[in-house]
Each structure stands twice: as structure tokens, then as C-alpha cells.
Chemist: 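Take a look at the following structure, please.
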Amino acid sequence: MRPVGIFGGTFDPIHYGHLRTAFEMLQALRFEDVRFMPCGDPPHRGQTFASAAERLRMVEVAIFGQVGFSADDRELLRDGPSYTIDTLSSLRDELPDRSLGLILGMDAFLGLPGWHRWDEILDVAHIVVAHRPGWKAPDIGPLGDLITEFGTHRVDDLHTAVNGRIHIHAVTQLEISSTEIRDLVAAGRDPRFLMPDAVRDEIKKSGCYA
Ligand code: ATP
């Protein structure tokens, strides 16, 4: 059975950097599906700009019609901070025999040692790191050690074990960030071609970044 990819983020808003990364993972790593998981109360950052409902809605319209993409709202339904380890554990309870692959951009991966119970993540899932413009994989420190011990270049290793490996995967570099999009919209400029038109329409309709 092929791995299930989990792509968490604030998605404030979702953009082509996220979508292209998830799509390349789906195809190149032969994932069964990729589940987009907007986080409710992100523990590592302040308030989001768009509400949880708006961010989920933008994810839903962005992925509409793409086979293998789905939105998962479990972090939005849970009270308190959205800890990734809790999310992965709840997925593991549902899918005890499936390979799970947590998809992270390199910037998010570098912040991993600050996450709640981060050292338990590999007990539950694999970590798949997408190369992101301007960020380099660590070769020293706790993450460097982790890559030395658990890193693999072989996609098959993500299929044969259900958790426990780290795979760094180069994706097409699209230097787009949600911050840049919010700033553009707030400045009265059009974010067209940085995201699907359906997301742009939602932003216009809700006025969430104006
Ligand atoms: P912000 O600018 O608000 O910090 P962001 O664009 O980084 O947002 P997030 O929702 O915080 O988006 O990111 C969710 C996940 O997507 C993270 O793992 C992040 O590393 C990854 N990601 C974000 N933008 C890109 C991109 N352009 N290419 C590849 N991965 C990305």
C-alpha cells in the first residue's frame, strides 16, 4: 500500500508553492494521496490573518478536482494548540498499517527541534522534506544527526516501512510565500498567477487580507 502524505500549514493563503510541492510529492514519491491540513491554532506563530474557516475554504477550492488531493480539517476541530504529533497519532490510530509521510518545506524542517515532542514524530511517520528556495539541509546539530541516522535517498524505503525515515526531495522552486501574497493584497495589488483563480476569488469575496 502506498504512503499517505500529510501536508500541514497555515495556508494563509494556500498558493502554487504549496500545490506544486504536494503534486510533485504525490507523483514522484508515489503517494496514495496528499491530505492538506490547515492548522487551527498554530503554536509557532501568532494569529492567522484569515479565519480557520476561510483558510479551509481556500484549500478546498484550490484542490477541487485534483485526484489524490483532499482537505482534512481535524486540526481545526480540535481545541488548543495544533501539535503535529497529536495529529499524526490520530491518523496512526485510523490507519495502523499505512505508511505516513509528513511533508515539510525545508524552512519548517529546520524549525522542527522547537516543536512539541518533535523527537517522537519518526515513531509515527516518515518525514519528507521539500527543498525550498534559499534553504539548505543541515549537516550538523540534532537535525544533522537525525538525517545521518534515518535519512534515505530511496523512495522505496518510504513504502516498505510505515514510519521512521527522512527523505529530502528536490521540488520545482517556486519562490512564493503567503506573507508576500498578504502584503500584495493589503497594498491593493492583484495576486493573480501566484495561486489558483478560485483562491484569488475567495480572497476578494471575503476581504480577509484587505
Ligand atoms: P508564511 O509566508 O505565512 O510564513 P508560507 O508561504 O511559508 O506562509 P505555510 O502555510 O506556513 O506557508 O507553509 C506550509 C508548508 O508549506 C511549510 O512546510 C512550508 O515550508 C511549505 N511551503 C511554503 N511555501 C512553499 C514554497 N514556495 N515551496 C515549497 N514549500 C513551501
Side-chain angles (χ1 to χ4, degrees), residues 5-29 31 34-63 66 69-76 81-85 87-88 100-116 118 121 125-138 143 166-187 189 191 193-196 199-200 202-203 208-209:
I6 299 120
F7 196 13
T10 39
F11 301 124
D12 192 13
I14 189 166
H15 53 67
Y16 280 135
H18 302 128
L19 291 162
R20 183 67 207 174
T21 296
F23 188 63
E24 291 189 16
M25 295 289 185
L26 180 74
Q27 297 211 311
L29 307 185
F31 280 172
V34 173
R35 305 184 186 188
F36 289 78
M37 253 180 228
C39 59
D41 176 8
H44 307 286
R45 31 199 302 166
Q47 266 309 106
T48 57
F49 294 81
S51 68
E54 281 161 350
R55 290 182 292 112
L56 175 65
R57 174 90 191 124
M58 290 189 280
V59 168
E60 285 170 344
V61 299
I63 65 177
Q66 174 55 52
F69 277 5
S70 61
D72 185 317
D73 62 357
R74 77 185 62 213
E75 290 201 349
L76 302 179
S82 297
Y83 291 126
T84 300
I85 185 69
T87 303
L88 293 173
L100 300 178
L102 176 68
I103 301 171
L104 297 175
M106 186 61 81
D107 59 321
F109 178 65
L110 293 179
L112 198 68
W115 292 17
H116 181 61
W118 71 281
I121 289 178
H126 300 297
I127 296 176
V128 181
V129 187
H131 261 308
R132 212 180 152 181
W135 299 85
K136 194 180 156 295
L143 291 177
I166 300 176
H167 179 73
I168 298 182
H169 186 76
V171 294
T172 303
Q173 311 274 292
L174 295 174
E175 204 162 346
I176 303 172
S177 73
S178 303
T179 303
E180 174 200 349
I181 292 170
R182 292 193 302 269
D183 290 349
L184 271 178
V185 176
R189 288 168 56 200
F193 304 127
L194 295 173
M195 64 188 72
V199 177
R200 174 172 164 260
E202 282 298 322
I203 291 174
C208 54
Y209 305 125

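In what follows, every heavy atom counts, from backbone to side chain, and hydrogens, waters and symmetry copies are set aside. As the structure lists them, so they are numbered: ligands from 1, and atoms in each ligand from 1.
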Chemist: Looking only at distances, can you tell me whether any N or O atom of Gly9, backbone or side chain, sits closer than 3.5 Å to an N or O atom of ligand 1?
Modeler: no

Chemist: Taking only residues two or more places apart in sequence, or in another chain, which ones meet Ala50 in a side chain to side chain contact (heavy atoms under 4.5 Å, CB included)?
Modeler: Asp12, Glu54, Arg55, Met58, Cys208, Tyr209

Chemist: Taking the side chain as every heavy atom from C-beta outward, state whether Val59 and Met37 have any atom pair closer than 4.5 Å.
Modeler: no

Chemist: So if I count the atoms of ligand 1 from 1 in the order they appear, which ones are less than 4.0 Å from some heavy atom of Phe11?
Modeler: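 In order of number, 10 (O).
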
Chemist: Hey, does Gly105 come in under 3.5 Å of ligand 1, counting only N/O atoms on both sides?
Modeler: yes

Chemist: For a 4.5 angstrom cut-off between non-hydrogen side-chain atoms, does His126 reach Ile166?
Modeler: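 Contact flag for His126/Ile166 side chains = no.
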
Chemist: Numbering the atoms of ligand 1 from 1, which are under 4.0 Å from a heavy atom of Ser178?
Modeler: 1 (P), 2 (O), 3 (O), 5 (P), 6 (O), 8 (O), 12 (O)

Chemist: At a non-hydrogen distance cut-off of under 4.0 Å, which region of Arg182 contacts ligand 1 (side chain, backbone, both, or neither)?
Modeler: side chain

Chemist: May I ask you to list the atoms of ligand 1 that are less than 4.0 angstrom from any heavy atom of Gly8?
Modeler: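 With Gly8 as reference, the close atoms of ligand 1 come out as 14 (C), 15 (C).
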
Chemist: Can you confirm whether Met25 sits close enough to His169 that some side-chain heavy atom of one is under 4.5 Å from a side-chain heavy atom of the other?
Modeler: yes

Chemist: Checking the side chain of Glu75 only, and the main-chain atoms of Asp73 only, is there a donor and an acceptor separated by less than 3.5 Å?
Modeler: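 No, because the side chain of Glu75 does not come within donor-acceptor range (under 3.5 Å) of the backbone of Asp73.
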
Chemist: With the threshold set at under 4.0 angstrom, would you say His15 reaches ligand 1 through any of its heavy atoms?
Modeler: yes

Chemist: Of the non-hydrogen atoms in Phe109 and Leu143, which two are nearest, and what is the gap between them?
Modeler: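 Nearest heavy atoms, Phe109 then Leu143: O-CD1, 3.2 Å.
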
Chemist: N/O to N/O below 3.5 Å, does that happen between Leu174 and ligand 1?
Modeler: yes

Chemist: Within the 4.0 Å heavy-atom shell around Thr21, which atoms of ligand 1 are there?
Modeler: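 Numbered from 1, ligand 1 contributes 28 (N), 29 (C), 30 (N).
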
Chemist: Give a yes or no on whether the backbone of Phe11 and the side-chain of Ser178 come within a donor-acceptor separation of less than 3.5 Å.
Modeler: no

Chemist: Return yes when Phe7 approaches ligand 1 closer than 4.0 angstrom through a heavy atom, no otherwise.
Modeler: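 Contact present.
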
Chemist: Between Glu24 (side chain) and Thr172 (backbone), is there a donor-acceptor pair under 3.5 Å?
Modeler: yes

Chemist: Among Val59, Asp183, Thr179, whose heavy atom sits nearest atom 1 (P) of ligand 1?
Modeler: Thr179

Chemist: Could you list which atoms of ligand 1 come closer than 4.0 Å to a heavy atom of Leu104?
Modeler: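 Going through ligand 1 atom by atom, the ones under 4.0 Å from Leu104 are 18 (O).
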
Chemist: Identify, with sequence neighbours excluded, every residue that meets salt bridge (Lys or Arg N to Asp or Glu O under 4.0 Å) alongside Glu60.
Modeler: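 Checked Glu60 against salt bridge (Lys or Arg N to Asp or Glu O under 4.0 Å); zero matches.
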
Chemist: What atoms of ligand 1 come within less than 4.0 Å of a heavy atom belonging to Thr10?
Modeler: 9 (P), 10 (O), 11 (O)

Chemist: Can you find a non-hydrogen atom of Glu175 under 4.0 Å from ligand 1?
Modeler: no

Chemist: So is Asp107 close enough to ligand 1, meaning a heavy atom under 4.0 angstrom away?
Modeler: yes

Chemist: Are the side chain of Ser177 and the backbone N or O of Glu180 linked by a donor-acceptor pair below 3.5 Å?
Modeler: yes

